[in-house]
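What follows is a short report on a single structure.
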Amino acid sequence: MSKLLNLVLLYGGKSGEHEISLISAASVLAHLDAGKYNIIPVAMDKEGLFHLHEYQDLLACKERLPVVTERSKPLAGLFINGRLSVDADIVFPVVHGPLYEDGCLQGMLELSGVAYVGCDVLSSSIGMDKDMARRIVCINGLKSANYKLLSWHSSASERQHFCQQVAEEFGWPVFVKPCAMGSSVGIHKAKNMAELIVAVDDALRYDEEILVESFISGREIELSVLEALIPSGEPRVSIAGEIRVNHPDGFYSYSAKYLESGQTDLIIPAALSQSLYEQLKKAAADIFIRLKCKGMARVDFFVNDKTETIYFNEINTLPGFTSISMYPKLWEASGLPYPELLDELIRIAMVHQHCRQHLVTNYL
């Protein structure tokens, strides 16, 4: 990188994960090397409007980045006439949830012809949808929890029948999740029918489709995956980390992650046998390849210690970058410091952009 790259740090958004984005973006901003990048912070408010900031104005914001300040400037839009409205070589999206993590934003960035960090339209879309990801991943012996899907368009009687079926087939407890959300937004652990009915109604506030899954007795293990600098190479996989929840919610809920994180232990490295770690490492790399991921992803599993059975939980194609987030912490523990990790992700994005720019786009 012989010259400063104009790098747009995009954060905020019209999403239930808006607050997490502000925290992640503050952490990324603090670790980006201003000697390599001309950093252009662009925030999106909860209405989806854009606000341009000066990099120097945000340096003191250690915990979270603001959306609007006295010196920030409103943008008419991030995209004008099919191009970015700011002069950028690359966009680093630190945004979560629908519209930003599911391929929609990635599609707009593709159309604008700018490089961007992370997975492309296809892998972002599949990875965000827990059902579709499991359909593709859970073949050749890899398992996930048993689950059932319910649509927002279902009638009251259909929802009641669905809850009865779930109780009969899965027993208690069960987990209720929006199909395409992250950061544990809208997720509930239901221990009886009354809790299940309330959980279903709440989860349907966040997504058009939800899933209810059976309980798996096991440890929650996560691994970070980073694409090779040469895209055809084998992806790199970090050491494994374990999430041990002591929170009253009884699972890694939004509160346990972000509001009362002191009641959750992040154990790095996870205490695993070498053979089990190798299985998890291979599974994480295979999932990354199978879903055609680019740049990065965090792959989450449950592991039954007694049987050493591995269950795929989910993949996160735009993982959190907060100070307590597993993705950067696992890479730091694996020997790749946070600033160097960001540099690697940016280099990979530029490699993909170089390839896209050299594809033939006209036939005649």
Side-chain angles (χ1 to χ4, degrees), residues 1 3-80 84-97 99-101 105-106 108-109 112 114-118 182-183 257-259 261 295-296 318-325 327-329 331-332 337-347 349-350:
M1 300 179 183
K3 69 178 183 69
L4 291 184
L5 284 175
N6 288 337
L7 184 151
V8 169
L9 179 66
L10 187 62
Y11 65 95
K14 190 176 179 180
S15 162
E17 300 178 65
H18 176 94
E19 312 300 336
I20 309 309
S21 174
L22 307 187
I23 301 170
S24 283
S27 186
V28 171
L29 186 78
H31 289 90
L32 279 170
D33 186 346
K36 297 176 180 176
Y37 314 110
N38 175 32
I39 302 165
I40 308 165
V42 175
M44 293 179 284
D45 62 27
K46 291 186 177 181
E47 301 303 316
L49 302 178
F50 296 90
H51 305 270
L52 178 66
H53 295 266
E54 292 292 332
Y55 167 69
Q56 295 293 336
D57 292 344
L58 302 187
L59 285 179
C61 303
K62 302 300 183 185
E63 298 299 322
R64 64 178 62 208
L65 293 190
V67 176
V68 181
T69 68
E70 290 182 358
R71 286 170 52 84
S72 62
K73 300 175 183 178
L75 289 174
L78 187 61
F79 305 97
I80 297 177
L84 252 63
S85 58
V86 293
D87 182 18
D89 297 304
I90 186 166
V91 174
F92 198 132
V94 187
V95 283
H96 307 296
L99 299 179
Y100 311 113
E101 201 173 345
L105 173 63
Q106 289 74 15
M108 290 297 294
L109 293 171
S112 71
V114 68
Y116 61 94
V117 170
S183 297
K257 282 183 181 179
Y258 303 112
L259 304 181
S261 59
M296 61 180 163
L318 218 168
F321 273 86
T322 71
S323 60
I324 63 167
S325 294
Y327 189 82
K329 286 177 75 71
W331 277 120
E332 283 202 287
Y338 200 138
E340 293 179 25
L341 170 63
L342 299 180
D343 288 344
E344 287 275 279
L345 288 168
I346 291 164
R347 287 192 194 98
M350 296 303 292

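Predicted model, so just to flag it, every value in this text is computed and none were measured.
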For M44, the option from L49, L105, L99, V95 that meets side chain to side chain contact (heavy atoms under 4.5 Å, CB included): V95
Give me the atom names and distance for the closest heavy-atom approach of [X] to [Y].
X	Y	result
P328	T322	CG-O, 4.1 Å
S112	L84	OG-CD1, 3.4 Å
G97	S15	CA-OG, 3.7 Å
N6	N38	OD1-ND2, 2.8 Å
I90	A349	CD1-CB, 3.6 Å
L75	S85	CD1-OG, 4.3 Å

Spatial distance of atom [atom1] ([X]) from atom [atom2] ([Y]) [nearest 0.5 Å]:
X	Y	atom1	atom2	result
E101	Q106	CD	CD	8.0 Å
L32	I39	CG	CD1	4.5 Å
R64	S27	CZ	OG	13.0 Å
H51	K73	NE2	NZ	14.5 Å
E54	I40	CD	CD1	9.0 Å
L7	I346	CG	CD1	5.0 Å

Under 4.5 Å between any side-chain heavy atoms of [X] and [Y], yes or no?
X	Y	result
L342	K36	no
V67	H18	yes
L341	H31	no
P66	C61	yes
M296	E344	no
V94	S24	yes

Side-chain ion pair, E340 and R347, N-O less than 4.0 Å: no
Any donor-acceptor N/O pair, H96 side chain to L318 backbone, under 3.5 Å: yes
Distance-only donor-acceptor check, side chains Y100 and S21, under 3.5 Å: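 Distance-only check fails for Y100 and S21.
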Aromatic ring pairing F321/F92, orientation class (parallel under 30°, perpendicular over 60°, tilted between):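 Correct class here is perpendicular.
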Pair V91-L78, side chain to side chain contact (heavy atoms under 4.5 Å, CB included): steps then yes or no: CA-CA 11 Å; V91 174; L78 187 61; 5.9 Å; no
Working for side chain to side chain contact (heavy atoms under 4.5 Å, CB included), residues Y37 and D89: CA-CA 10 Å; Y37 314 110; D89 297 304; over 6 Å; no
Residues L9, L65; criterion side chain to side chain contact (heavy atoms under 4.5 Å, CB included); working and verdict: CA-CA 11 Å; L9 179 66; L65 293 190; 4.2 Å; yes
